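First up is the structure itself, then whatever we jot down about it.
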Amino acid sequence: HQANFTNTIIYGSRNFEYLLEKEEGASFNYNFKNSLIRFNDTNGNFENNPLYDFEDVNHYQNNILNGAPHFKNVEKNEYIIGQNSEAINKADVNAAQQVPLDILKVNRLPNPDIGAYQHIILETP
């Protein structure tokens, strides 16, 4: 079994937006690459847990930890990223070539953004 996350935004209102749990004796293969991840361990609860060693290149490559996605409007489920997103031009190009259009059919290449959408210029209220 394997779980790979590439060019993914994992973000929300909690300090930890994902948790990993390894079953004893089971194979546990996971990888996060070119993703924006919210994992703010302010109390140090996970600092000695090897599952959350974000410097471990066997499981984590080119990720943005606790960066700002700058979503259009989360209350309306509008997760298009705006011009101030830290995900702009940070996606893995090889992975983006496999899905060259975003969810709205906007071309992601040659400079793909992390997430389901290429960024747009958001108007300020």
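This one's a predicted model, so the numbers in the text were calculated from it and none came from an experiment. For this chain, numbers begin at 1 and follow the sequence in order.
One distance of note links OG of S85 with NZ of K72; it measures 14.5 Å at 0.5 Å rounding. Taking CG from L65 and CG from N40, the interatomic distance works out to 8.0 Å, rounded to the nearest 0.5 Å. Atom CG in L122 sits 8.0 Å away from atom CG in N84 (nearest 0.5 Å). Here CG of N49 is found 11.5 Å from NZ of K22. Values are rounded to the nearest 0.5 Å. In this structure, E17 CD and I37 CD1 are separated by 11.5 Å, a value rounded to the nearest 0.5 Å. Taking CG from N34 and OG1 from T6, the interatomic distance works out to 7.0 Å, rounded to the nearest 0.5 Å.
Here ring-ring contact (aromatic ring centres under 6.0 Å, His included) pairs that include residues 78-120, with residues two or more places apart or in two chains, are F71-Y79.
Hydrophobic clustering (side-chain heavy atoms under 4.5 Å, transitive across Ile, Leu, Val, Met, Phe, Trp, Tyr) keeps L109 apart from I114. In this structure, V106 is a member of the same hydrophobic cluster as I103, with clusters built from ILVMFWY side-chain heavy atoms closer than 4.5 Å. A continuous path of Ile, Leu, Val, Met, Phe, Trp and Tyr side chains, each step under 4.5 Å between heavy atoms, connects I88 with L104, placing both in one hydrophobic cluster. The cluster map of Ile, Leu, Val, Met, Phe, Trp and Tyr, joined by side-chain heavy atoms under 4.5 Å apart, puts Y18 and I64 in different clusters. Side-chain heavy atoms closer than 4.5 Å link hydrophobic residues (I, L, V, M, F, W, Y) into clusters, and following such links, possibly through other members, connects L19 to F28.
Under the 30°/60° scheme for interplanar angles, the aromatic rings of H59 and Y30 are found to lie parallel. Between F16 and F46, the angle of the ring planes goes over 60°, which puts this pair in the perpendicular group of the 30/60° scheme.
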>> Run L36 and N63 through side chain to side chain contact (heavy atoms under 4.5 Å, CB included) and show every step you take.
In response: CA-CA 6 Å; L36 189 148; N63 296 297; over 6 Å; no
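Looking at Y60, Y52, F54 one by one, the single match for ring pair (Phe, Tyr, Trp, His ring centres under 6.0 Å) with F32 turns out to be Y60.
Closest approach of I80 and Q118 over heavy atoms only: CG2-O, 4.1 Å. Heavy atoms only, all atoms of each residue included: R38 and R14 are closest at NE-O, 3.1 Å. The nearest pair of heavy atoms linking R108 to A91 is NH2-CB, 4.4 Å. When all heavy atoms of F5 and S35 are compared, the closest pair comes out as O-OG, 3.6 Å. Scanning both residues, I81 and I9, for their nearest heavy atoms gives CG2-CD1, 4.0 Å.
Taking N7 as the reference, nothing meets the side chain to side chain donor-acceptor pair (under 3.5 Å) condition, with sequence neighbours excluded.
Proximity of a side-chain donor or acceptor of N89 to a complementary backbone N or O of P112 within less than 3.5 Å is not detected.
For CD of E23, the number of neighbouring non-hydrogen atoms (other residues, nucleotides, ligands) closer than 6.0 Å is 12 at most.
Two residues are said to be in side-chain contact when any heavy atoms from C-beta on lie closer than 4.5 Å; F39 and N15 fail this criterion.
Defined by atom type and a distance below 3.5 Å, a donor-acceptor pair is missing between the side-chain atoms of Q61 and D92.
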